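Start at 1 with the first residue, then count along the sequence. From a predicted model like this one, the values you see are computed outputs, not experimental measurements.
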Amino acid sequence: MDEEPVLIKLTRGQAFVLSDWLYEVAIESGKLVPDRAVWSAIDAISRPLETTLPEVFMPDYLGRLDQTRQRLLHAMGGGEG
């Protein structure tokens, strides 16, 4: 049962901001994720995101990320977060 895959569906915007967050977690890995076993799941999520999202390699990455974050926050009924 442990090896049965779990399907998670995200919008492209959700995937984009999650990819950025996972990258930031990787930079701060020792502080935020001290449990090395968790990295198996983080790796399983982050690799497909990096290979399917061309936005992460575009020169206007930060602007796109900010716009996407604002759209997601607005859709959730909130402002800055």
- Query: Shortest non-hydrogen contact from Y61 to E55?
  - Reply: CD1-O, 3.3 Å
- Connected via hydrophobic side-chain network under 4.5 Å: L65 and M76: no
- Message: Is there a continuous path of hydrophobic side-chain contacts, each under 4.5 Å between heavy atoms, that joins Y23 to M58?
- Response: no
- Least distance between heavy atoms, T51 atom then P48 atom: OG1-O, 3.1 Å
- Just how far is it from atom CG of L72 to atom NE2 of H74, taken to the nearest 0.5 Å? 11.5 Å
- Query: For R64, what residues pass the salt bridge (Lys or Arg N to Asp or Glu O under 4.0 Å) criterion, not counting sequence neighbours?
  - Reply: D60
- Query: Do W21 and I8 share a hydrophobic cluster (ILVMFWY, side-chain heavy atoms under 4.5 Å, transitive)?
  - Reply: yes
- Nearest atoms (heavy-atom pairs only) where S19 meets L53: CB-CD1, 4.1 Å
- Note on the structure: dist D66:CG -> R71:CZ (nearest 0.5 Å) comes out at 10.0 Å
- Task: Output all residues satisfying side-chain hydrogen bond (donor to acceptor under 3.5 Å, both in side chains) with Q14, sequence neighbours left out; order by chain, then residue number.
- Result: T11
- Which pair of non-hydrogen atoms, one from L49 and one from A15, has the smallest distance, and what is that distance? CD2-CB, 3.6 Å
